[in-house]
Trainee: 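Quick one: the structure is below, questions incoming.
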There are 2 protein chains.
Amino acid sequence: MAIQDVEHCDCTEIHQKTVDQVLAQMPEEDVLYDLAELFKVFGDSTRIRILFALYGADICVCDLAETLNMTQSAVSHQLKILKQSRLVSNRREGKQIYYFLTDDHVRRIIAQGMEHVTE
Amino acid sequence: MAIQDVEHCDCTEIHQKTVDQVLAQMPEEDVLYDLAELFKVFGDSTRIRILFALYGADICVCDLAETLNMTQSAVSHQLKILKQSRLVSNRREGKQIYYFLTDDHVRRIIAQGMEHVTE
DNA sequence: TGAACATATGAACAGTTATTCATATATTTA
DNA sequence: TAAATATATGAATAACTGTTCATATGTTCA
C-alpha cells in the first residue's frame, strides 16, 4: 500500500510541464494521508449509521446497540475509532456513557456526501 | 460485515423512546450504504492523490502515473473505481485518455474534509 | 464491601482491497 | 496492414479491517 519509487511509467511522452504544475499545487503528503484516513472513517456502514444516530441527540452505548441492532462490543469498537478521529466525544453520566458529535464538521461532511448520493 | 439479527444488547434498561425517535429520523438503509460506499472511495491515499491531481486540470493516465509515482496499471485500476462512483469522467484524445473531476461535488466534499483535518 | 450493570478491549478469524504481473484492447502512424 | 503507443483488465497475493468471543475496567447501589 505504500508508495514505492518504482519504474512507474512506460510512456514515452510525458507532459513535464503539466506534471510539474500539478505537483506544485498538491498538498503535503501527510495532509493527504490524514484526509484519506478521515474519509476512511466515514467509509463504513456501521460508523455512518452511528454518526446518523448521533445526528440529533446524545445517546448511550447501550441504546446505540439497541438502535442499530448490533452487539455492544461492536459498537464500542467503532466508537473508539470515531473518537480517535475526533468525530465524536463522550461524557459519563453515572453508569452510562453518552456519545455525541464533536462539532458541526461531521454534519457538513455528511451533508455534502448526501448531496452526491441522493442526486 | 453484514448486520445480523443477533441478541445485540445485554443492558436491562433501554430508553425505548430515544431508540424510537432516533430510528424515525434515520435515512433508509440503502442510502446509508451508498453514502458509506462513497466515502470509502475517498478513504484511500492513492485515490485522494488522484482527485487532488485532477483538482485543477484534466490529465491523461500516463501523466497521472508519472505525477503520483505509480505504475500505469495501479492508476488505471483506481481510476476505474473513481469513475464507477461518478467522481471522475474521461474523454479520449487520440491515443490518450484524459480524466477530470465530474463536477464540483468532489471539490466540496474534499474541501469539507480538509477543514476538519487542517484545523 | 460485594453484586450488578455499563462500557472497553485484546486476540482471532473472515471478508475485503490495493498492488503487481501478464496480457488484452484500442488508436495512431509508418 | 503491421508496429508502436496508451490504456484497461483479470488473477493472485499480501495487507488491512470489522465482528465475535471472552474478559477486564469502572460505576452504582444494597
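Within every chain, numbering begins at 1; the chains are lettered A, B, ... in the order of the sequence lines, protein sequences first and strands thereafter.
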Trainee: Could you check whether any side-chain N or O of A:Glu37 sits under 3.5 Å from a backbone N or O of B:Ser45, counting only pairs where one atom can act as donor and the other as acceptor?
Mentor: no
Trainee: Look at the side-chain heavy atoms of Ile, Leu, Val, Met, Phe, Trp and Tyr, link any pair under 4.5 Å apart, and say whether A:Met26 and B:Ile50 land in one connected group.
Mentor: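 Looking at the clustering, B:Ile50 is in the same group as A:Met26.
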Trainee: Counting heavy atoms from C-beta on, name the nucleotide in C:dT9, D:dG18, C:dT19 closest to the side chain of B:Ala74.
Mentor: C:dT19
Trainee: Can you tell me the distance, in whole Å, between the CZ atom of B:Arg47 and the C1' atom of C:dT16?
Mentor: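 Roughly 12 Å, once rounded to whole Å.
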Trainee: Find the distance B:Asp44:CG to D:dA15:P and express it as a whole number of Å.
Mentor: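 Those two atoms, CG and P, are 16 Å apart.
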Trainee: Mind calculating the distance between NZ (A:Lys40) and P (C:dT17) to the nearest angstrom?
Mentor: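 Between P of C:dT17 and NZ of A:Lys40: 12 Å.
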Trainee: Is B:Asp63 reaching over with its side chain to a backbone N or O of A:His15, donor-acceptor style, under 3.5 angstrom?
Mentor: yes
Trainee: Look at the side chain of B:Arg107 and the backbone N and O of B:Tyr55, then say whether any donor-acceptor pair between them is shorter than 3.5 Å.
Mentor: yes
Trainee: B:Ile48 has an atom CD1; how far is it from atom C1' of C:dA18, in whole Å?
Mentor: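 After rounding, the gap between these two atoms is 15 Å.
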Trainee: Can you measure B:Glu66 atom CD to D:dT5 atom P for me and round it to whole angstrom units?
Mentor: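 It works out to 17 Å between those atoms.
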Trainee: Measure the distance from CE on B:Met70 to C1' on D:dT7 and round it to the nearest whole Å.
Mentor: 14 Å
Trainee: Could you check whether A:His77 and the base of C:dT9 form a stacked pair, meaning centres closer than 5.5 Å and planes differing by less than 30°?
Mentor: yes
Trainee: Verify the contact: side-chain N or O of A:Ser76 to OP1 or OP2 of C:dT9, cut-off strictly under 4.0 Å; return yes or no.
Mentor: no
Trainee: If only atom types and distance count, is the side chain of A:Asn90 paired as donor or acceptor with the main-chain N or O of A:Ile97 below 3.5 Å?
Mentor: no
Trainee: May I have the list of side-chain donor-acceptor pairs in residues 78-87 of chain A shorter than 3.5 Å, sequence neighbours left out?
Mentor:
unit_1	atom_1	unit_2	atom_2	d
A:Gln78	OE1	A:Arg47	NH1	2.7
A:Ser85	OG	A:Ile81	O	3.1

Trainee: Could you tell me the separation between the CD atom of B:Gln21 and the CD atom of B:Gln16, rounded to the nearest 0.5 Å?
Mentor: 11.0 Å
Trainee: From C-beta outward on B:Gln96, which listed nucleotide comes closest to its side chain: D:dT7, D:dT17, C:dT7?
Mentor: D:dT7
Trainee: So, taking the atom named CD in A:Gln72 and the one named SG in A:Cys62, what distance separates them when rounded to the nearest 0.5 Å?
Mentor: 8.0 Å
Trainee: Do the side-chain N or O atoms of A:Arg92 get closer than 4.0 angstrom to the phosphate oxygens (OP1, OP2) of C:dT7?
Mentor: no
Trainee: Want to settle it: does A:Gly94 or A:Glu37 sit nearer the 5' end of DNA chain D, counting the closest nucleotide to each?
Mentor: A:Glu37
Trainee: Compare the minimum distances between each of D:dT19, C:dT7, C:dA18 and the side chain of A:Val61, then state the nucleotide with the smallest one.
Mentor: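 The closest nucleotide is C:dT7.
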Trainee: Under 4.0 Å, heavy atom to any atom of DNA chain C: which of residues 51-60 of chain A qualify?
Mentor: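 Residues of residues 51-60 of chain A under 4.0 Å from DNA chain C: A:Cys60.
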Trainee: Can a donor-acceptor pair be found, under 3.5 Å and without considering hydrogens, that links the side chain of B:Arg91 to the backbone of B:Tyr99?
Mentor: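 Pair absent, no side-chain N/O of B:Arg91 close to backbone of B:Tyr99.
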Trainee: Taking the side chain of A:Lys95 as its heavy atoms from C-beta onward, which of D:dT19, C:dT19, C:dC5 lies nearest to it?
Mentor: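 Between D:dT19, C:dT19, C:dC5, the one nearest the side chain of A:Lys95 would be C:dC5.
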Trainee: Does a nitrogen or oxygen in the side chain of A:Thr71 sit under 4.0 Å from OP1 or OP2 of D:dT20?
Mentor: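 Checking A:Thr71 against D:dT20: at least one side-chain N or O falls below 4.0 Å of OP1 or OP2.
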Trainee: Can you find a donor-acceptor pair, distance only, under 3.5 Å between B:Gln72 side chain and D:dA8 base?
Mentor: yes
Trainee: Take the protein atom OH of B:Tyr98 and the nucleotide atom C1' of D:dA6, then report the distance between them rounded to whole Å.
Mentor: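 Rounded to whole Å, this separation is 11 Å.
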Trainee: Can you measure from CG (B:Asp44) to CG (B:Leu51) and round to the nearest 0.5 angstrom?
Mentor: 10.0 Å
Trainee: Tell me, which of residues 78-91 of chain B have any heavy atom that sits under 4.0 Å from an atom in DNA chain D?
Mentor: B:Lys80
Trainee: Could you check whether B:Tyr99 gets within reach of a base, just the sugar-phosphate, or nothing at all, counting any heavy atom under 4.0 Å?
Mentor: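 If one applies the 4.0 Å heavy-atom cut-off, B:Tyr99 turns out to touch the sugar-phosphate alone, with no base involved.
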Trainee: Under 3.5 Å, is there an N or O donor on one side and an acceptor on the other linking the side chain of A:Ser73 and the base of D:dC21?
Mentor: yes
